[in-house]
Amino acid sequence: MRRIAATILGFLAVCFVLTAWLNYDRPDISTLLPATVSKTTVNDTQNGLHVTFLGTSTVLLDDGETQLLTDGFFTRPSLLSLLGEISPDRQVVEDALLQYGINETLAAVIPVHSHHDHALDSALVAQLTGATLLGSESSAMLARGEGLDKRQIRVAETKQPYQFGNFSVTLIESGHVPMPNAIAGWIGLGEDIEKPVSPPAKLGDYHQGIAYSVLIEHPEARLLIQGSAGFKTDQFTHFQPDGPVDIVLLGIAGLSKQSDDYRAQYWREMVETIGAITIAPIHWDDFTQPLSADLIALPSLVDDLSATLEDIQAALKPEQSMLYMQPTQRHSIKDLLSPTKQAPTSNTSQ
Ligand SMILES: [Zn+2]
């Protein structure tokens with residue numbers, strides 16, 4: 001009897017989420033945030049370090065000699081397919097690599113943790129480019145399951161800098177945003193992947209593994225990429241970057257569902273303790289939709305993006321600014337960090 005009730009409740013919960021996902025309004029992030037660099041200025045041919053936001057927490061860094069990529073999540077399976085089995089879509093991944101100029105200079109692909117919306121395609125990206133996959137033991141299990149050459153798999157030591165060209169990459173153990181129990185159990189929140197996973201596999205096979213903050217230091221800038229809106233208390237107390245972080249690419253998915261105290265602490269840990277000046281929200285998009293320049297936000301009922309952005313705006317100090325990175329656009333770090341070059345937003349009259 002209990003089992004029947006649980007099945008019915010589970011079914012109703014799935015129906016509720018599906019309905020909410022498909023029907024609820026989604027705020028347009030580009031109207032909620034000022035674009036720091038307008039669409040007309042980003043199509044540049046400048047040398048130097050460039051950053052491209054490719055949805056969720058997939059971020060490409062490229063200094064002309066070396067590329068780095070977090071996650072490399074391009075397949076973005078649809079909501080319905082998440083209920084069955086999922087696999088990396090080779091064609092979609094190959095097209096994305098071509099379209100966004102990800103090539104043999106890609107030195108490392110770094111899954112921020114091992115859930116499908118981060119690590120599903122990481123091993124395939126490494127395979128197609130020859131890059132090293134640098135991540136947790138769980139991400140290594142996914143790579144082994146996909147048959148990635150073991151010489152390309154590097155299980156990361158935390159707080160150890162890894163050098164790739166002019167980039168120094170340090171992974172710091174962090175946390176994952178809390179989730180409702182039913183979902184947390186389904187996606188193995190806080191759990192490791194114990195054996196190789198060969199796709200097609202269930203969503204629930206992609207357990208979290210270690211969640212990292214990724215510190216990237218380059219002669220032109222210091223960046224932190226925080227995939228999940230989680231933290232470990234005082235995670236930067238015993239590990240401090242050599243100087244203030246210029247840009248935090250701050251994962252915000254699920255933040256609107258957390259308490260005021262939680263959000264305040266997340267801000268302290270990820271922004272204040274490392275002296276971040278520019279905060280660029282990432283992982284705000286609906287990761288069940290294909291990657292494009294016009295990514296849409298998650299439905300407000302699932303995650304209230306407007307509330308999160310208001311919260312961040314209110315926490316900003318005068319010297320700090322929030323930055324909307326147009327998805328798929330290549331931004332010069334020099335432009336992003338130079339306020340005098342900031343162009344008006346594309347929705348002004350200029
Ligand atoms: Zn996750």
Side-chain angles (χ1 to χ4, degrees), residues 26-46 48-64 67-78 88-103 105-106 109-112 117-118 120-122 124-125 128-129 131 214 216 221 223 225-227 247-253 278-298 305 309 322-337 342-343 345-347:
R26 300 152 186 266
D28 179 356
I29 190 171
S30 64
T31 61
L32 296 172
L33 275 177
T36 297
V37 181
S38 77
K39 286 178 187 176
T40 53
T41 64
V42 292
N43 203 4
D44 66 280
T45 51
Q46 290 179 46
L49 182 58
H50 284 70
V51 57
T52 312
F53 168 55
L54 296 169
T56 52
S57 59
T58 293
V59 176
L60 173 67
L61 291 161
D62 184 357
D63 70 358
Q67 297 180 335
L68 291 180
L69 183 70
T70 47
D71 295 350
F73 174 58
F74 298 113
T75 296
R76 301 170 70 96
S78 70
D89 186 323
R90 195 180 175 99
Q91 193 61 54
V92 168
V93 173
E94 283 179 348
D95 289 351
L97 297 181
L98 197 65
Q99 185 168 358
Y100 305 116
I102 302 168
N103 53 39
T105 67
L106 184 70
V109 54
I110 307 161
V112 297
D117 54 331
H118 302 275
L120 179 69
D121 301 329
S122 303
L124 179 56
V125 169
L128 292 170
T129 58
V214 183
I216 296 173
L223 302 95
I225 301 176
Q226 180 67 19
I247 302 183
V248 176
L249 294 109
L250 190 71
I252 58 172
T278 301
I279 294 90
I282 57 171
H283 208 338
W284 50 262
D285 49 300
D286 182 345
F287 50 80
T288 65
Q289 303 284 329
L291 175 60
S292 74
D294 304 309
L295 289 176
I296 55 169
L298 289 163
L305 177 64
L309 296 179
M322 187 156 50
L323 162 70
Y324 167 61
M325 286 212 301
Q326 173 86 34
T328 74
Q329 289 282 356
R330 207 172 122 85
H331 297 280
S332 152
I333 283 282
K334 279 201 195 86
D335 282 348
L336 297 184
L337 296 180
Q342 286 180 12
T345 59
S346 51
N347 53 5

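The backbone N or O of A293 lies less than 3.5 Å from a partner atom in the side chain of Q326, making a donor-acceptor pair. Under the 3.5 Å distance criterion, the side-chain polar atoms of Q226 are left unmatched by any main-chain donor or acceptor of V248. Checked by atom type and distance alone, the side chain of D117 never pairs as donor or acceptor with a backbone atom of F73 at under 3.5 Å. Without hydrogens or angle criteria, R330 side chain to L60 main chain gives no donor-acceptor distance under 3.5 Å. A donor-acceptor contact shorter than 3.5 Å is absent between the side chain of D285 and the backbone of F287. Checking side-chain atoms of S122 against main-chain N and O of D71 turns up a donor-acceptor pair under 3.5 Å. Checked by atom type and distance alone, the side chain of Q99 never pairs as donor or acceptor with a backbone atom of T328 at under 3.5 Å.
In terms of heavy-atom proximity, V92 sits nearest to F74 at CG1-O, 3.3 Å. Residues G55 and L291 come closest through the heavy atom pair N-CD1, 4.1 Å. The shortest non-hydrogen separation linking A297 to D286 is O-CB, 3.8 Å. Between D121 and G72, the closest heavy-atom pair is CB-O, 3.1 Å. Among all heavy-atom pairs drawn from I333 and A221, the shortest one is CG2-CB, 3.7 Å. Minimum interatomic distance between L249 and M325 (heavy atoms only, all atoms of both residues): CD2-CE, 3.1 Å.
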Verdict with reasoning, L97 to L106, per side-chain contact (heavy atoms from CB on, under 4.5 Å): CA-CA 10 Å; L97 297 181; L106 184 70; 5.8 Å; no
Working for side-chain contact (heavy atoms from CB on, under 4.5 Å), residues R90 and L128: CA-CA 9 Å; R90 195 180 175 99; L128 292 170; 3.4 Å; yes
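A side chain to side chain contact (heavy atoms under 4.5 Å, CB included) with I282 is found for one member of T56, L250, I225, I252 and no other, namely I225. The side chain to side chain contact (heavy atoms under 4.5 Å, CB included) test with V93 singles out one residue from L124, L120, L98, and that residue is L124.
Using cut-offs of 30° and 60° on the angle between ring planes, the pair H118 and H283 is perpendicular.
Between I102 and L54 there is a side-chain heavy-atom pair separated by less than 4.5 Å.
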